[in-house]
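Structure first, commentary second.
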Amino acid sequence: MNKFLILALAGALSNAYAADNDKAAYDAAKDKATADYKAAKAQCKSLKGNAEDICIEEAKVARARAEADAVAQHKTGDVKDLRKAREDVAKAEYDLAKEKCDDQSGNAKKACKLDAKAAKESAIADAKRADPTPTIGERTAAAVDTTRDRTTTAVDTTRDRTATATTTTATDAARNTTAAAGDVMSDTMITTKVKADLAADPAVKAMDVHVETVKGVVMLSGFVPSKSEADKAVQLARGVKGVTEVKSSIQVKK
(Lines give C-alpha, C1' and ligand atoms only; values in the text may rest on other atoms or scores of the structure.)
Protein backbone atom coordinates (compact mmCIF):
# COMPACT_ATOMS: atom_id res chain seq x y z
CA MET A 1 0.00 0.00 0.00
CA ASN A 2 1.19 3.53 -0.77
CA LYS A 3 3.11 5.01 2.17
CA PHE A 4 1.24 8.33 2.02
CA LEU A 5 -2.13 6.55 1.91
CA ILE A 6 -1.21 4.60 5.04
CA LEU A 7 -0.28 7.82 6.85
CA ALA A 8 -3.53 9.45 5.77
CA LEU A 9 -5.62 6.54 7.01
CA ALA A 10 -3.74 6.51 10.32
CA GLY A 11 -4.43 10.22 10.77
CA ALA A 12 -8.12 9.79 10.01
CA LEU A 13 -8.44 6.94 12.51
CA SER A 14 -6.63 9.00 15.14
CA ASN A 15 -8.97 11.96 14.62
CA ALA A 16 -12.02 9.71 14.78
CA TYR A 17 -10.78 8.17 18.03
CA ALA A 18 -10.19 11.59 19.55
CA ALA A 19 -13.69 12.72 18.53
CA ASP A 20 -15.18 9.61 20.14
CA ASN A 21 -13.26 10.34 23.32
CA ASP A 22 -14.55 13.93 23.33
CA LYS A 23 -18.12 12.74 22.81
CA ALA A 24 -17.78 10.16 25.57
CA ALA A 25 -16.41 12.79 27.95
CA TYR A 26 -19.20 15.20 27.02
CA ASP A 27 -21.89 12.55 27.52
CA ALA A 28 -20.39 11.62 30.90
CA ALA A 29 -20.31 15.27 32.01
CA LYS A 30 -23.91 15.79 30.91
CA ASP A 31 -25.06 12.62 32.68
CA LYS A 32 -23.34 13.80 35.86
CA ALA A 33 -25.07 17.18 35.58
CA THR A 34 -28.43 15.41 35.31
CA ALA A 35 -27.68 13.11 38.26
CA ASP A 36 -26.55 16.04 40.42
CA TYR A 37 -29.72 17.94 39.50
CA LYS A 38 -31.97 15.05 40.51
CA ALA A 39 -30.15 14.67 43.83
CA ALA A 40 -30.36 18.41 44.56
CA LYS A 41 -34.03 18.54 43.58
CA ALA A 42 -34.82 15.65 45.91
CA GLN A 43 -33.31 17.57 48.83
CA CYS A 44 -35.61 20.52 48.08
CA LYS A 45 -38.62 18.47 49.16
CA SER A 46 -37.74 19.14 52.78
CA LEU A 47 -38.52 22.84 52.24
CA LYS A 48 -41.89 24.52 52.04
CA GLY A 49 -43.56 27.18 49.90
CA ASN A 50 -41.41 29.53 47.85
CA ALA A 51 -38.26 28.26 49.55
CA GLU A 52 -38.80 24.90 47.82
CA ASP A 53 -39.42 26.63 44.47
CA ILE A 54 -36.20 28.65 44.82
CA CYS A 55 -34.28 25.51 45.76
CA ILE A 56 -35.50 23.71 42.61
CA GLU A 57 -34.62 26.66 40.38
CA GLU A 58 -31.15 26.80 41.95
CA ALA A 59 -30.71 23.14 41.07
CA LYS A 60 -31.74 23.91 37.48
CA VAL A 61 -29.21 26.75 37.26
CA ALA A 62 -26.46 24.43 38.54
CA ARG A 63 -27.42 21.85 35.89
CA ALA A 64 -27.48 24.44 33.10
CA ARG A 65 -24.05 25.78 34.10
CA ALA A 66 -22.59 22.27 34.32
CA GLU A 67 -23.95 21.42 30.87
CA ALA A 68 -22.59 24.69 29.44
CA ASP A 69 -19.17 23.92 30.93
CA ALA A 70 -19.33 20.45 29.34
CA VAL A 71 -20.03 22.00 25.93
CA ALA A 72 -17.24 24.55 26.37
CA GLN A 73 -14.74 21.87 27.35
CA HIS A 74 -15.65 19.00 25.01
CA LYS A 75 -17.40 20.64 22.04
CA THR A 76 -15.17 23.65 21.49
CA GLY A 77 -15.74 23.69 17.74
CA ASP A 78 -19.53 23.76 17.91
CA VAL A 79 -20.49 27.44 18.14
CA LYS A 80 -24.22 26.74 17.82
CA ASP A 81 -24.26 24.35 20.79
CA LEU A 82 -22.12 26.73 22.84
CA ARG A 83 -24.51 29.61 22.23
CA LYS A 84 -27.56 27.48 23.07
CA ALA A 85 -25.95 26.25 26.29
CA ARG A 86 -25.22 29.82 27.40
CA GLU A 87 -28.74 30.91 26.50
CA ASP A 88 -30.07 28.01 28.61
CA VAL A 89 -28.01 29.27 31.55
CA ALA A 90 -29.41 32.80 31.10
CA LYS A 91 -32.99 31.45 31.05
CA ALA A 92 -32.43 29.27 34.11
CA GLU A 93 -30.91 32.21 36.02
CA TYR A 94 -33.91 34.34 34.99
CA ASP A 95 -36.38 31.74 36.33
CA LEU A 96 -34.44 31.62 39.61
CA ALA A 97 -34.40 35.41 39.89
CA LYS A 98 -38.16 35.58 39.34
CA GLU A 99 -38.77 33.02 42.09
CA LYS A 100 -36.67 35.08 44.49
CA CYS A 101 -38.70 38.16 43.55
CA ASP A 102 -41.85 36.41 44.81
CA ASP A 103 -40.58 36.92 48.36
CA GLN A 104 -41.09 40.66 47.85
CA SER A 105 -44.23 42.70 47.24
CA GLY A 106 -45.51 45.86 45.58
CA ASN A 107 -43.04 48.06 43.73
CA ALA A 108 -40.05 46.16 45.10
CA LYS A 109 -41.34 42.97 43.47
CA LYS A 110 -41.98 44.71 40.14
CA ALA A 111 -38.54 46.30 40.19
CA CYS A 112 -36.97 42.96 41.04
CA LYS A 113 -38.57 41.29 38.01
CA LEU A 114 -37.48 44.15 35.75
CA ASP A 115 -33.92 43.61 36.96
CA ALA A 116 -34.18 39.90 36.25
CA LYS A 117 -35.50 40.48 32.74
CA ALA A 118 -32.77 43.01 31.93
CA ALA A 119 -30.09 40.60 33.16
CA LYS A 120 -31.53 37.76 31.05
CA GLU A 121 -31.67 39.85 27.86
CA SER A 122 -28.10 41.02 28.40
CA ALA A 123 -26.85 37.46 29.01
CA ILE A 124 -28.62 36.15 25.89
CA ALA A 125 -27.09 38.96 23.85
CA ASP A 126 -23.67 37.85 25.14
CA ALA A 127 -24.44 34.24 24.23
CA LYS A 128 -25.37 35.17 20.67
CA ARG A 129 -22.00 36.82 20.26
CA ALA A 130 -20.19 33.73 21.56
CA ASP A 131 -17.25 32.55 19.47
CA PRO A 132 -14.74 30.04 20.90
CA THR A 133 -11.81 31.48 18.89
CA PRO A 134 -12.34 35.22 18.35
CA THR A 135 -9.50 37.49 17.32
CA ILE A 136 -8.32 40.21 19.69
CA GLY A 137 -10.07 42.81 17.52
CA GLU A 138 -13.32 40.84 17.52
CA ARG A 139 -13.20 40.35 21.27
CA THR A 140 -12.59 44.06 21.85
CA ALA A 141 -15.48 44.98 19.53
CA ALA A 142 -17.75 42.51 21.32
CA ALA A 143 -16.83 44.05 24.67
CA VAL A 144 -17.69 47.54 23.38
CA ASP A 145 -21.04 46.28 22.02
CA THR A 146 -21.79 44.60 25.35
CA THR A 147 -21.13 47.82 27.26
CA ARG A 148 -23.41 49.77 24.91
CA ASP A 149 -26.22 47.19 25.13
CA ARG A 150 -26.09 46.93 28.89
CA THR A 151 -26.01 50.68 29.39
CA THR A 152 -29.10 51.02 27.18
CA THR A 153 -30.85 48.23 29.10
CA ALA A 154 -30.03 49.86 32.44
CA VAL A 155 -31.40 53.21 31.26
CA ASP A 156 -34.61 51.60 29.95
CA THR A 157 -35.01 49.64 33.19
CA THR A 158 -34.63 52.79 35.28
CA ARG A 159 -37.24 54.57 33.13
CA ASP A 160 -39.74 51.71 33.48
CA ARG A 161 -39.26 51.49 37.21
CA THR A 162 -39.70 55.24 37.63
CA ALA A 163 -43.05 55.01 35.83
CA THR A 164 -44.13 52.12 38.08
CA ALA A 165 -43.15 53.95 41.23
CA THR A 166 -45.59 56.81 40.51
CA THR A 167 -48.41 54.63 41.87
CA THR A 168 -47.02 55.15 45.39
CA THR A 169 -46.37 58.37 47.26
CA ALA A 170 -43.81 60.70 45.70
CA THR A 171 -41.35 60.22 48.56
CA ASP A 172 -41.46 56.40 48.53
CA ALA A 173 -41.33 56.31 44.72
CA ALA A 174 -38.17 58.45 44.57
CA ARG A 175 -36.48 56.43 47.31
CA ASN A 176 -37.30 53.00 45.81
CA THR A 177 -36.45 53.94 42.24
CA THR A 178 -33.15 55.64 43.10
CA ALA A 179 -31.96 52.76 45.29
CA ALA A 180 -33.00 50.11 42.78
CA ALA A 181 -31.41 51.93 39.85
CA GLY A 182 -28.16 52.20 41.83
CA ASP A 183 -28.12 48.43 42.37
CA VAL A 184 -28.71 47.75 38.66
CA MET A 185 -25.97 50.09 37.51
CA SER A 186 -23.52 48.86 40.14
CA ASP A 187 -23.57 45.09 39.53
CA THR A 188 -24.33 45.37 35.81
CA MET A 189 -21.53 47.81 35.12
CA ILE A 190 -19.06 45.83 37.24
CA THR A 191 -19.86 42.70 35.19
CA THR A 192 -19.54 44.69 31.97
CA LYS A 193 -16.19 46.19 32.99
CA VAL A 194 -14.78 42.81 34.04
CA LYS A 195 -15.86 41.25 30.72
CA ALA A 196 -14.39 44.17 28.79
CA ASP A 197 -11.05 43.83 30.60
CA LEU A 198 -11.01 40.08 29.98
CA ALA A 199 -11.83 40.59 26.30
CA ALA A 200 -9.14 43.24 25.87
CA ASP A 201 -6.41 41.09 27.44
CA PRO A 202 -4.80 38.78 24.84
CA ALA A 203 -3.73 36.36 27.58
CA VAL A 204 -7.32 35.45 28.51
CA LYS A 205 -9.97 33.69 26.41
CA ALA A 206 -12.84 35.88 27.62
CA MET A 207 -15.59 33.86 25.94
CA ASP A 208 -14.63 30.79 28.03
CA VAL A 209 -15.06 32.68 31.32
CA HIS A 210 -18.53 33.30 32.75
CA VAL A 211 -18.85 36.49 34.86
CA GLU A 212 -21.59 37.22 37.39
CA THR A 213 -21.77 39.99 39.99
CA VAL A 214 -23.97 40.08 43.10
CA LYS A 215 -23.66 43.08 45.44
CA GLY A 216 -20.09 43.75 44.37
CA VAL A 217 -18.96 40.13 44.62
CA VAL A 218 -17.68 38.87 41.25
CA MET A 219 -18.05 35.14 40.53
CA LEU A 220 -15.96 33.61 37.75
CA SER A 221 -16.54 30.16 36.23
CA GLY A 222 -15.74 28.16 33.11
CA PHE A 223 -12.71 26.46 31.62
CA VAL A 224 -9.33 27.86 30.54
CA PRO A 225 -6.22 26.20 29.08
CA SER A 226 -3.85 27.05 31.96
CA LYS A 227 -3.65 28.06 35.62
CA SER A 228 -1.85 31.26 34.67
CA GLU A 229 -4.86 32.27 32.57
CA ALA A 230 -7.22 31.52 35.47
CA ASP A 231 -5.03 33.61 37.81
CA LYS A 232 -4.94 36.42 35.25
CA ALA A 233 -8.76 36.46 35.05
CA VAL A 234 -8.99 36.78 38.85
CA GLN A 235 -6.37 39.55 38.85
CA LEU A 236 -8.24 41.54 36.20
CA ALA A 237 -11.55 41.16 38.06
CA ARG A 238 -10.00 42.38 41.32
CA GLY A 239 -8.71 45.48 39.56
CA VAL A 240 -12.20 46.69 38.60
CA LYS A 241 -13.59 49.56 40.66
CA GLY A 242 -16.49 48.55 42.89
CA VAL A 243 -15.46 44.89 43.24
CA THR A 244 -15.43 43.86 46.91
CA GLU A 245 -14.51 40.21 46.43
CA VAL A 246 -13.69 37.75 43.63
CA LYS A 247 -14.79 34.10 43.85
CA SER A 248 -13.32 31.85 41.18
CA SER A 249 -14.45 28.34 40.19
CA ILE A 250 -12.55 28.47 36.89
CA GLN A 251 -11.18 25.06 35.97
CA VAL A 252 -8.12 24.26 33.91
CA LYS A 253 -8.74 22.06 30.87
CA LYS A 254 -6.85 18.79 31.02
Side-chain angles (χ1 to χ4, degrees), residues 24-75 81-127 130 153 157 161 176 179-180 183-184 186-188 190-191 194 208-223 230 237 244-251:
Y26 168 73
D27 290 342
K30 189 172 182 181
D31 289 344
K32 184 179 185 304
T34 300
D36 289 345
Y37 163 69
K38 290 180 179 178
K41 183 179 179 182
Q43 293 180 356
C44 296
K45 292 181 180 180
S46 62
L47 302 174
K48 300 295 182 182
N50 197 46
E52 180 180 4
D53 294 337
I54 291 175
C55 180
I56 292 174
E57 295 302 331
E58 287 176 338
K60 290 180 180 179
V61 169
R63 177 181 62 181
R65 288 178 178 173
E67 290 178 349
D69 286 344
V71 172
Q73 185 175 15
H74 302 296
K75 301 179 74 174
D81 280 1
L82 184 59
R83 288 177 178 173
K84 183 180 184 304
R86 289 175 175 173
E87 287 179 5
D88 288 343
V89 171
K91 292 174 183 177
E93 290 176 340
Y94 174 54
D95 290 338
L96 170 60
K98 286 195 299 181
E99 284 296 342
K100 290 183 177 180
C101 292
D102 286 342
D103 285 335
Q104 303 181 44
S105 61
N107 285 331
K109 182 175 181 179
K110 292 178 181 178
C112 180
K113 290 191 173 183
L114 283 171
D115 285 350
K117 184 177 180 181
K120 181 192 74 170
E121 291 175 351
S122 181
I124 289 178
D126 284 345
T153 299
T157 300
R161 291 161 65 182
N176 291 339
D183 290 340
V184 172
S186 177
D187 286 346
T188 299
I190 286 175
T191 298
V194 171
D208 288 341
V209 179
H210 175 76
V211 182
E212 183 179 358
T213 306
V214 178
K215 295 182 179 179
V217 179
V218 175
M219 290 165 281
L220 305 177
S221 62
F223 290 85
T244 59
E245 183 181 357
V246 177
K247 296 182 179 179
S248 175
S249 60
I250 297 175
Q251 300 183 40

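Between Lys100 and Leu96 the shortest side-chain heavy-atom distance falls below 4.5 Å. With a 4.5 Å cut-off on side-chain heavy atoms, Leu220 and Val211 count as touching. A heavy-atom distance below 4.5 Å is not found between the side chains of Glu99 and Glu52. Proximity of Val89 to Glu67: side-chain heavy atoms (C-beta onward) are nowhere separated by under 4.5 Å.
Here Asp102 does not pair with Lys98 in a salt bridge; the nearest charged N to carboxylate O distance is not below 4.0 Å. The pair Lys84-Asp88 counts as a salt bridge, with a side-chain nitrogen and a carboxylate oxygen less than 4.0 angstrom apart. Checked for salt-bridge contact, Arg65 and Glu93 meet the test: a charged N lies under 4.0 Å from a carboxylate O.
For the atom pair CZ of Arg63 and NZ of Lys60, the computed distance is 7.0 Å after rounding to the nearest 0.5 Å. Annotation: the span from His74 atom NE2 to Asp69 atom CG amounts to 9.5 Å, rounded to 0.5 Å. One finds the CE atom of Met219 at 13.0 Å from the CD1 atom of Ile250 (value rounded to the nearest 0.5 Å). The OH atom of Tyr94 lies 11.0 Å from the CG atom of Asp115; values are rounded to the nearest 0.5 Å.
Take Asp81 and apply the side chain to side chain contact (heavy atoms under 4.5 Å, CB included) test, not counting sequence neighbours, and it matches Val71, Lys75, Asp78.
Panel note: side chain Ser122, backbone Ala119; no donor-acceptor pair is recorded below 3.5 Å.
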